[in-house]
Amino acid sequence: MSKKVAVVTGANKGIGLAIVRELCKAKFTGDVILTARNEKLGNEAVKMLKSEGFEVAYHHLDLCDQGSAKQLSNFLQKTYGGLDVLINNAGMAFKNDATEPFGEQAEVTMRTNFWGTLWVCHALLPLLRPNARVVNVSSFVSKKALDTCSPQLQAKFRDTELSEEELCLLMGQFVIAAQQGNHQAQGWPNTAYGTTKIGVTVLSRIQAHILTKTRAADGILLNACCPGWVRTDMAGPKALKSPEEGAQTPIYLALLPEGAKEPHGQLVWDKTVQEW
Ligand code: NDP
């Protein structure tokens with residue numbers, strides 16, 4: 001059988017880097033691929049991990065470039081013939097004091113966090129081998145944002161029959177409303193980041209549902225998670241958790257033992273399934 005392989009996105013720093021380190025520490029029985037959009041930063045991170053005694057390889061991946069996800073898919077297919085663990089960690093958020101108009105923030109944040117994650121999934125999920133694990137790093141902020149949506153939007157995002165196409169349409173509608181300045185009048189929350197993470201959490205439920213329907217016998221588990229409030233460039237130094245602590249829930253989900261039936265399609269925080 002081919003060697004196992006795990007891929008972590010946005011892993012040159014922050015929680016992604018910690019996830020790669022923790023995967024190595026947990027003695028993941030295969031190769032660990034650290035991906036980053038910036039080759040120099042990616043290779044520097046690999047060099048640092050190697051100096052700590054961990055064997056890791058770099059591969060380029062920019063979420064906003066569909067071609068780069070396709071190239072990674074080709075590489076994995078050719079080198080490993082499949083994929084065993086995918087951790088979609090890469091993400092971005094504007095700072096609270098950002099001066100870009102809200103519509104622009106919504107478009108840029110959505111492109112990375114939602115569309116980028118979706119494109120990576122479209123490129124890599126077809127490679128998943130039996131017993132694969134997929135972890136989409138979302139946020140507790142997705143639940144907070146959901147709670148401030150209009151009752152109609154909340155019902156849509158909680159509808160277990162919502163399709164990927166319908167979710168994409170909703171995410172697009174949010175960006176248009178944000179650009180027109182009437183997103184709140186249309187029942188959307190006043191947070192670009194939070195809305196993109198609603199997208200990631202709901203996408204995870206939909207993808208899990210599809211895997212259950214199409215690959216019932218393969219034992220694949222796919223979940224969204226929140227790492228907690230973590231001290232990184234994104235969240236700042238006052239956050240409560242270290243990157244290593246933030247990596248624990250993603251690692252737990254990535255290493256769910258063979259034969260485990262759950263969680264699947266859930267939002268998991270502190271290793272605990274959250275009500276959506
Ligand atoms: P950081 O800002 O420290 O790291 C983000 C990582 O994502 C970086 O490696 C960054 O690369 C990468 N990235 C951003 N855009 C792209 C792109 N287009 N293509 C590829 N990589 C990209 O943030 P965190 O480590 O804190 O965040 C990691 C994940 O955890 C995110 O999804 C975030 O939303 C989530 N999260 C974080 C929380 C926290 O408290 N920190 C709380 C809840 C969720 P580059 O260095 O090139 O910018």
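Order of appearance sets the numbers: ligands from 1, and atoms from 1 within every ligand. Just so we're clear, the structure is a prediction, and the values are computed from it rather than from any experiment.
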Take atom NZ of Lys95 as the centre, draw a 6.0 Å sphere, and report whether it contains more than 12 heavy atoms from other residues, nucleotides or ligands.
-> yes
Which residues satisfy the salt bridge (Lys or Arg N to Asp or Glu O under 4.0 Å) test with Arg21, sequence neighbours excluded?
->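 For Arg21 the salt bridge (Lys or Arg N to Asp or Glu O under 4.0 Å) partners, ignoring immediate neighbours, are Glu52, Glu244.
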Residues in salt bridge (Lys or Arg N to Asp or Glu O under 4.0 Å) contact with Lys40, at least two apart in sequence or another chain = Glu44
Sole residue of His209, His122, Gln207 in side chain to side chain donor-acceptor pair (under 3.5 Å) with Glu164 =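 Option passing the side chain to side chain donor-acceptor pair (under 3.5 Å) with Glu164: His122.
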Could you tell me whether the side chains of Ser204 and Asn136 share a donor-acceptor contact shorter than 3.5 Å?
->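 There is such a pair between these side chains.
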Selection residues 230-239 - residue pairs positive for side chain to side chain donor-acceptor pair (under 3.5 Å), sequence neighbours left out |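 Non-adjacent pairs meeting side chain to side chain donor-acceptor pair (under 3.5 Å): Lys13-Asp233.
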Residues with a heavy atom under 4.0 Å from ligand 1, by chain and number, are Gly10, Asn12, Lys13, Gly14, Ile15, Arg37, Leu61, Asp62, Leu63, Cys64, Asn89, Ala90, Gly91, Thr112, Val137, Ser138, Ser139, Tyr193, Lys197, Pro227, Gly228, Trp229, Val230, Thr232, Asp233, Met234, Ala235
